[in-house]
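Data first, discussion second: the structure below is written as structure tokens.
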Number of protein chains: 4
Amino acid sequence: MAPISLDALNRIDRAEFVAVLGGVVEHAPWVAEAIARARPFADLAAVRDAIGAALGGADENRRLSVLQAHPDLAGKAARAGALTRDSQAEQASAGLDSLSEQEFAQFTRLNDAYRAKFAIPFIICARRHTKASILRQFEQRLRNDRATEVSAALAEVLRIVALRLDQRIAAPDRLNVHGRLSTHVLDTYHGRPAAGVPIELVELSETGANRVVESMVTNADGRTDRAIIQDRPVPIGEYELRFRLAEYFRKDGVRLADPPFIDVVPIRFAVAEPEGSYHVPLLASPWSYTTYRGS
Amino acid sequence: MAPISLDALNRIDRAEFVAVLGGVVEHAPWVAEAIARARPFADLAAVRDAIGAALGGADENRRLSVLQAHPDLAGKAARAGALTRDSQAEQASAGLDSLSEQEFAQFTRLNDAYRAKFAIPFIICARRHTKASILRQFEQRLRNDRATEVSAALAEVLRIVALRLDQRIAAPDRLNVHGRLSTHVLDTYHGRPAAGVPIELVELSETGANRVVESMVTNADGRTDRAIIQDRPVPIGEYELRFRLAEYFRKDGVRLADPPFIDVVPIRFAVAEPEGSYHVPLLASPWSYTTYRGS
Amino acid sequence: MAPISLDALNRIDRAEFVAVLGGVVEHAPWVAEAIARARPFADLAAVRDAIGAALGGADENRRLSVLQAHPDLAGKAARAGALTRDSQAEQASAGLDSLSEQEFAQFTRLNDAYRAKFAIPFIICARRHTKASILRQFEQRLRNDRATEVSAALAEVLRIVALRLDQRIAAPDRLNVHGRLSTHVLDTYHGRPAAGVPIELVELSETGANRVVESMVTNADGRTDRAIIQDRPVPIGEYELRFRLAEYFRKDGVRLADPPFIDVVPIRFAVAEPEGSYHVPLLASPWSYTTYRGS
Amino acid sequence: MAPISLDALNRIDRAEFVAVLGGVVEHAPWVAEAIARARPFADLAAVRDAIGAALGGADENRRLSVLQAHPDLAGKAARAGALTRDSQAEQASAGLDSLSEQEFAQFTRLNDAYRAKFAIPFIICARRHTKASILRQFEQRLRNDRATEVSAALAEVLRIVALRLDQRIAAPDRLNVHGRLSTHVLDTYHGRPAAGVPIELVELSETGANRVVESMVTNADGRTDRAIIQDRPVPIGEYELRFRLAEYFRKDGVRLADPPFIDVVPIRFAVAEPEGSYHVPLLASPWSYTTYRGS
């Protein structure tokens, strides 16, 4: 669905407004209804803040109902195809739609333990995470007390809201929900950008299989045409960027050892801030390389 | 068995001499007998050359018998525990004593194809190879013609001889059969050697499981007390050195991101010359690192 | 004088046109007159090509007159303030307006030798050179024969023309007469751009004094707000970029040795192609740094 | 004069002992006389400690006389050739024997101011300093009070003593008075040590002329045959190591730009601890380089 402009959002009638924003808070169209009269909104931040205020100003039961209406992660609803489209896409972004049986069992155990302790489902903004970091959060948050978790869950709901607004509404301001992952390959043998280097971004998993997230090739400037990740959060997690360096130098007629001393260069790094900018360049000759957090 | 000095080797009687060197050429004590009268040897190279001359000067049938007396790699003799001690240790050094069923089947298929084509077993100096590079050699050499392979097999026999001599005899000269793999970790955050960094050397396998070859910790000078590999060939193959960098910086009270931008640094490289010196240093801060082929 | 648009240039009357472009070829307004009737020009390249064709199509005497009408470099006309404004600015860009007595004597000697051998003045596009590279060109070109030098002089005239057109005319196309020199400072101690690093660009001279060309400070992204050199050629020559690194780290509270191991970092490099892009970054901690030709 | 062994020193008669060690404390042979009876000394440290104890245990007048008997730095005695051989060599090591007139005037002014304030000459262990760092120390110490300066002067006397003992006596232990400055050039274009690279060590001066301290060429391992500085302190000061890199690559047939992007690489660094180990390596291709404090 194409995003609607903020102008249009401010002008459409109430029913249409609720149709557009009703799903922004999961299973709680009353929030959209509540803020419809607050229009016109000056910017996207004002929409988000209005939603935050509506949830914050609701009585506690209503707030808890909102939390309780969220689905489990990789739970029965997901298996049964009974998720909202938003939830389904969000869970899929972290790979929760293709768990192994063992992982599914682990999620089920954690979901049950969490519900047993807190009487709400475990809520997390899945687009900001990898499977591994969701599991880590699960373990950590299970140790909290209930008040802390109710707050944490509400904060996650607002992160989910921000990302859903970002997808539905085209506005001049952005909500600072996008991160960026990029690279740049410099050839220190020839003193020029390295063009045509095949690159893979692999999401690492401690338990399950690693997952190739992107495959790209550097352009004439040694960069990828688009950033490797942009216009969305960079999920918290551990990654390897793999550069097929020997292939690049060989194409250029550089004589290499057989097998080449350096063939594929794996740069392993972690993302801690999904809204951050991660520039991970590579300066390389056939016999040496340097990497660093760039800008 | 402690090595015998070259002096002693030159003095002992013929029977003892054959007892010491009889196994240097697999199942061919006649070679030791043949060279016993050539004593005294000026150095270790002279012993090796005498063995080469004896094999080279023998008639073709005898030379072929020597080749045919070699065992298959990971073959029935190995499974039955019927290898000579030398062969057993050599095959084990490349991990051929612990193949998966699938790998065993692959070796059996290749052994059979090789024997069918050349009427000799596939001979390779296993201490100079990893499992992966043996398989690569197998595929390549299967494409040769018979004359080429008889020569190649004889060359490998002489490499095996050189390593067996190196283990049995203590002499002032060495036979240039040793390689070296070493590292050095420099901390560019504090401007000093990085002491106490846990390091693993992992042998990479395209098909099977990776294998941790060594686990060491850097000393006060940022080096390992002994070279990671020394006093033997560095097997041809692909490796990763993995440096637990975040653990090192954390111990030192350096504040890192959570998870740290750089945690374990994998340096992937290949060894092409088993008798070469591979120095693979790491210069690292919590946010950048450099590696290169050093000296 | 503000540049005139190509559109306007195509529309103004002939007298105005000659007023605007008459000085583009030194002391040869006839060239502007000759090309006025060729209007309209589709782009800036067409103007330059028309001038080239007019000079190339002129008879030899006329072409030689054009060369002979050029002033000496740092010659009597320059001392007497009798240069055209263009020539004056061009010679000043290479520092020829502030020579030491010794340098002046050297230029006089070379000018005289050149005129004696070739019967034309030494012509060079000064904006593409430093004093040092002009002297080197002088020595080299003095060894040529006359035909080579007449061609070389004409080629330099056309380079001068291109730069003068670039300054006088605003057009959608550019003549590829601009180079670029830029830098970027990354702090590998904190893992972020180094903001507030004082930088100097120094032009090195083998004989005379070095000359500080630019003094700048890095911005929040570790770059300079404008490229160090842009919108003009980067003069052929040897340079040092000097980064006051200790000052930067000290402001940030990093404890350094006294005196600091690294204080000012000099990066010495040469420019060979004035129309090239030279990106010279610095990755630095208090104890290490890396530089390279970037992009 | 060849050093005497500690054994011999313990055995020679008193007169000879005083002849050997009488000059160790400038113009104070009584110290040698006083410690002669304390023999035998177990090691060199015991000799130094005995001298320290003799000076510390003397009454204040005698201690002051020792300080007063020291010559000015670059003073009249030095100009008149009236220094002891030790003092002369020590002052020469810091270049104080070849000052410009302006520098000489500066030293005279500082000497006079120091004597006027403290009634003793300015004493500093010249072998641990460059001219620049002596001047810096001069300015700083002039701001102290007298008690602090008497202590400081005595500490410098003991540093001078340690170095003079180190030169006169051969003992199994060393007094930790030696520093070390070394380098290593790695060629990241070919993946091997860079042999045959001309290197200069230049001592930088803020005011006077820079001074080439050493000129060396790298050997087959990319190192210098001897450390650039060893077996003596590395004088506190600012230096440049200059590597003639383009010359090296050109000899190897590598095609470079003209002029080459990198020709001479200047690595500027400071020494803060004369007894420290400064390893300053260079990893370089024709288009990039890295340096760091190594080990």
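Here is the naming used below: chain letters follow the sequence lines, and residue numbers restart at 1 for every chain.
In this structure the side chain of A/Phe261 reaches within 4.5 angstrom of the side chain of B/Val280, judged on heavy atoms.
Among all heavy-atom pairs drawn from A/Ala272 and B/Ala257, the shortest one is CB-CB, 4.3 Å.
In this structure, the portions of B/Ile267 lying under 4.5 Å from any heavy atom of chain A include both its backbone and its side chain. The contact between B/Pro260 and chain A is made entirely by backbone atoms, counting heavy-atom distances below 4.5 Å. For B/Val271, the part lying under 4.5 angstrom from a heavy atom of chain A is the backbone only.
Between chain A and the residues B/Leu283, B/Val265, B/Val264, the largest count of heavy-atom pairs under 4.5 Å involves B/Val264.
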Would you mind checking chain B against chain A for donor-acceptor pairs under 3.5 Å and listing them?
unit_1   : atom_1 : unit_2   : atom_2 : d
B/Phe261 : O      : A/Ala270 : N      : 2.9
B/Ala270 : N      : A/Phe261 : O      : 2.9
B/Trp287 : O      : A/Arg293 : N      : 2.9
B/Tyr289 : N      : A/Thr291 : O      : 3.0
B/Tyr289 : O      : A/Thr291 : N      : 2.9
B/Thr290 : OG1    : A/Thr290 : OG1    : 2.7
B/Thr291 : N      : A/Tyr289 : O      : 2.9
B/Thr291 : O      : A/Tyr289 : N      : 2.9
B/Arg293 : N      : A/Trp287 : O      : 2.9

